[in-house]
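Okay, structure first, notes after.
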Protein chains: 2
Amino acid sequence: MSVTIHDVARKAHVSVATVSRALALPDLVADATRARVLAAAKLLGYQPNRAARSLITGKTGNLGIIVPDLGNPFYPNILKGAQSCAHQSSHSVLLADSDEDPAQEEALVRTMAKQVDGIVICAPFASDARLLKMAELTTLVLINRSLPGVPSVLMDIAGGMTQAVAHLVSLGHRRCAFLNGPNIAWSTRERRRGMRAAAATQGLNFIEFGPFEPKFEGGLEGADVALKQNVTTIVAFNDLMALGVLSRLAACGVRVPQDVSVVGFDDLLYATMCAPALTTVAMPMEAAGSAAVHLLLERVGSEQPERNNSGNRHKLPTKLIVRGTTAAPSARGTKVESAAKRVYSGA
Amino acid sequence: MSVTIHDVARKAHVSVATVSRALALPDLVADATRARVLAAAKLLGYQPNRAARSLITGKTGNLGIIVPDLGNPFYPNILKGAQSCAHQSSHSVLLADSDEDPAQEEALVRTMAKQVDGIVICAPFASDARLLKMAELTTLVLINRSLPGVPSVLMDIAGGMTQAVAHLVSLGHRRCAFLNGPNIAWSTRERRRGMRAAAATQGLNFIEFGPFEPKFEGGLEGADVALKQNVTTIVAFNDLMALGVLSRLAACGVRVPQDVSVVGFDDLLYATMCAPALTTVAMPMEAAGSAAVHLLLERVGSEQPERNNSGNRHKLPTKLIVRGTTAAPSARGTKVESAAKRVYSGA
DNA sequence: ATGAAAGCGCTAACAC
DNA sequence: GTGTTAGCGCTTTCAT
């Protein structure tokens with residue numbers, strides 16, 4: 001069908017072994033020979049058959065990446081980073097979507113395991129135990145999930161939270177609502193912990209609400225609940241939720257940032273596109289994808305099943321991006337109070 | 001390393017050939033034997049090595065999909081549809097990002113060609129000639145690009161435009177600005193054609209502007225230009241651009257939809273999340289991804305290089321989603337005029 | 001209905 | 001420095 005190593009060998013008047021070497025270990029063949037082989041290969045447009053190579057080396061040159069939901073705008077940039085990094089190391093990436101289903105996640109790992117050298121799972125939904133089981137099937141790297149024994153790429157959420165709280169406190173906010181994400185999620189626990197620590201350290205008074213769905217709709221709900229408490233600022237679990245908060249606030253006649261400040265997490269593309277633009281803690285998504293692939297490649301390359309733990313956990317820095325949804329609180333909370341009353345008078 | 005067909009054969013007391021048959025062509029083996037083989041396979045957790053199979057069958061069970069930019073919110077849902085459809089036919093999908101570079105696109109096809117059964121390219125940037133050349137390397141299916149001889153999945157843009165124009169006309173709009181996307185893009189030509197036809201048919205007076213970058217920034221620019229012309233409505237190339245228009249309009253004190261109506265294209269997630277929510281022509285992105293994979297699998301399955309042309313072009317329906325950015329124009333364009341003057345008085 | 005055996009294209013010992 | 005050769009795990013004739 002296609003041009004094989006034999007064709008190249010014949011054309012270059014050498015054996016197939018020499019062709020193979022000239023391509024893979026150039027130092028082992030004489031310069032003249034190598035030149036001849038390379039010329040022949042290029043002339044014929046030879047591309048090694050990866051299946052054949054894989055059969056013998058045991059490596060596929062493929063990496064798997066599993067995301068919970070391709071429709072969630074949080075993941076594409078992770079994919080972008082992962083894809084780009086993999087490509088640089090001439091690896092291909094197999095994409096799969098688990099539909100936020102732990103069982104599906106495991107099934108995907110099981111299927112993929114045979115055809116990849118390793119798998120990156122983004123924000124896995126599976127339990128620790130299941131994840132550990134999957135880790136036996138192939139080399140695993142996690143993004144946004146910490147699990148002893150499995151290397152992972154995390155983002156410095158606590159650090160981001162500290163920056164956000166510092167920003168709000170410096171603006172003069174004292175009463176803050178914090179909207180939680182789903183209880184099962186690692187990132188919810190992480191944010192909560194960060195919030196508690198930062199608030200305690202910096203003397204911010206805050207009330208927790210939730211869990212809410214980490215989506216626009218969750219923000220709608222969250223805003224309703226928070227409005228009742230007459231807070232001057234709302235910190236949302238993520239940007240999607242913050243966008244929902246913004247929308248509900250606008251609908252209730254609460255002005256942002258004059259009446260209430262809003263802070264999100266992630267720094268999605270949309271954060272810059274709404275009016276006012278969202279103040280948010282930027283997550284290094286592309287970097288995370290890239291770091292995860294790096295980690296994977298590193299482990300795959302050097303056959304070391306158990307490495308020292310220090311290299312197992314990458315924590316990437318986050319950064320507060322101040323935009324238009326945060327400002328000093330107005331002297332008194334009257335506006336918010338009346339708006340909240342208005343909303344709930346009928347309910 | 002792993003469990004092979006030999007292990008299963010030994011366990012089931014049959015030859016490897018029988019195992020192979022029991023799994024692939026169940027009718028060719030006796031019921032009892034098949035049962036024994038299946039049991040052994042399951043017991044050992046046997047998973048056929050796809051590389052080995054691929055080597056002999058010539059099929060990889062992989063599909064490639066190339067998008068111009070993973071960071072663009074238009075593509076993830078196409079990926080979702082493609083991935084899900086491929087998965088249903090037990091194919092894997094190899095993802096690549098061309099960075100909107102025609103050369104990269106071609107390079108990716110060349111690299112992928114060997115390890116996939118076919119490739120879907122979304123909104124390709126390469127020229128017709130180059131695309132045709134790529135089509136010789138592997139089975140190709142295009143999304144959002146029409147090219148004689150290469151099967152493609154398109155969206156009914158003209159139909160969507162007709163709906164949008166009908167909506168605007170019925171609202172009473174007579175002066176419309178239409179913001180074009182990049183001139184090279186197939187979808188720009190398609191929209192322009194649709195707009196001209198719909199406007200002519202329905203008697204809408206419109207002015208074309210652009211090309212603009214099909215992003216938020218392009219919308220910022222576009223709004224500036226359109227405002228000068230004192231139109232009552234703006235139709236943007238896509239949602240990203242429409243969001244930019246919205247933002248600039250808000251910044252200029254032009255109220256939407258009271259002063260100016262805005263219509264986008266795509267129906268991105270964000271279209272529902274801005275305030276007011278965007279009226280837009282929804283593109284069936286997930287369906288397109290799925291349709292493209294279907295087409296690919298169909299062609300790959302039945303080795304027919306040249307099929308009758310009728311099956312080569314799928315046009316998917318689009319639908320206008322009316323939300324908050326469109327309304328009847330105010331009696332007089334005064335407001336817009338003064339706002340536009342304000343903006344440009346200094347420039 | 002089942003088994004034996006010949007490769008698919010490539011790499012990795014092992015010879016020379 | 002280069003060639004020969006034995007498989008990698010699987011499917012598929014060809015016998016039986």
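None of these values were measured; they are calculated from a predicted model. The figures that follow rest on heavy atoms only: side chains count, while hydrogens, waters and symmetry mates do not. Chain A is the first sequence line, chain B the second, and so forth, proteins listed ahead of strands; every chain is numbered from 1.
One can place CG of A:L28 at 13 Å from C1' of C:dA13, the figure rounded to the nearest angstrom. Here the P atom of nucleotide C:dC8 and the NZ atom of B:K114 are 15 Å apart, to the nearest Å. Rounded to an integer number of Å, the gap from CZ of B:R53 to P of D:dT11 is 5 Å. Taking atom NE2 on B:H6 and atom C1' on D:dC10, their separation rounds to 9 Å, with Å as the unit. B:D31 has its CG atom 9 Å from the P atom of C:dT2, to the nearest Å. For the pair B:L25 CG and D:dT11 P, the computed distance is 9 Å after rounding to whole Å. Atom P of nucleotide C:dG7 and atom CD1 of B:I5 are separated by 19 Å, given to the nearest angstrom. D:dT11 atom P lies 11 Å from atom CG of B:L55, rounded to whole Å.
B:T33 comes within 4.0 angstrom of the backbone, heavy atoms only, and of no base. Note on A:R50: nothing from the nucleic acid sits closer than 4.0 angstrom, heavy atoms only. Using a 4.0 Å heavy-atom distance criterion, B:A17 is classed as a base contact. The residue B:T18 sits close only to the backbone: its heavy atoms come under 4.0 Å of sugar-phosphate atoms, none of a base.
When distances are taken from the side chain of B:A52 to each of C:dC10, D:dT12, D:dG9, the shortest belongs to D:dG9. Considering only the side chain of A:V16, C:dT11 comes nearest among C:dG3, D:dC10, C:dT11. The side chain of B:V29 sits closest to C:dT2 out of C:dC10, C:dT2, D:dC10. Here the nucleotide nearest the side chain of B:I56, chosen from C:dG9, C:dA4, D:dC10, is D:dC10.
Side-chain contact check for B:L147 versus B:S152: every heavy-atom pair is 4.5 Å or farther apart. Counting only heavy atoms from C-beta outward, the side chains of A:R145 and A:D128 approach each other to under 4.5 Å.
Comparing A:P48 and B:S15, the nucleotide of DNA chain C nearest to each residue sits closer to the 5' end for B:S15. The residue among B:V14 and A:Y46 whose nearest nucleotide of DNA chain C is located toward the 5' end is B:V14.
One N or O donor and one acceptor, one from the side chain of B:R21 and one from the base of C:dG3, sit under 3.5 Å apart.
The OG1 atom of A:T57 sits 8.0 Å away from atom CG of A:D117, with the distance rounded to the nearest 0.5 Å.
Checked by atom type and distance alone, the side chain of B:R21 never pairs as donor or acceptor with a backbone atom of B:L28 at under 3.5 Å.
The phosphate of C:dG9 (OP1 or OP2) has no side-chain N or O of A:T4 nearer than 4.0 angstrom.
In summary, of the residues considered (B:L297, B:L94, B:V116, B:I119), a side-chain contact (heavy atoms from CB on, under 4.5 Å) with B:L63 occurs for B:L297 alone.
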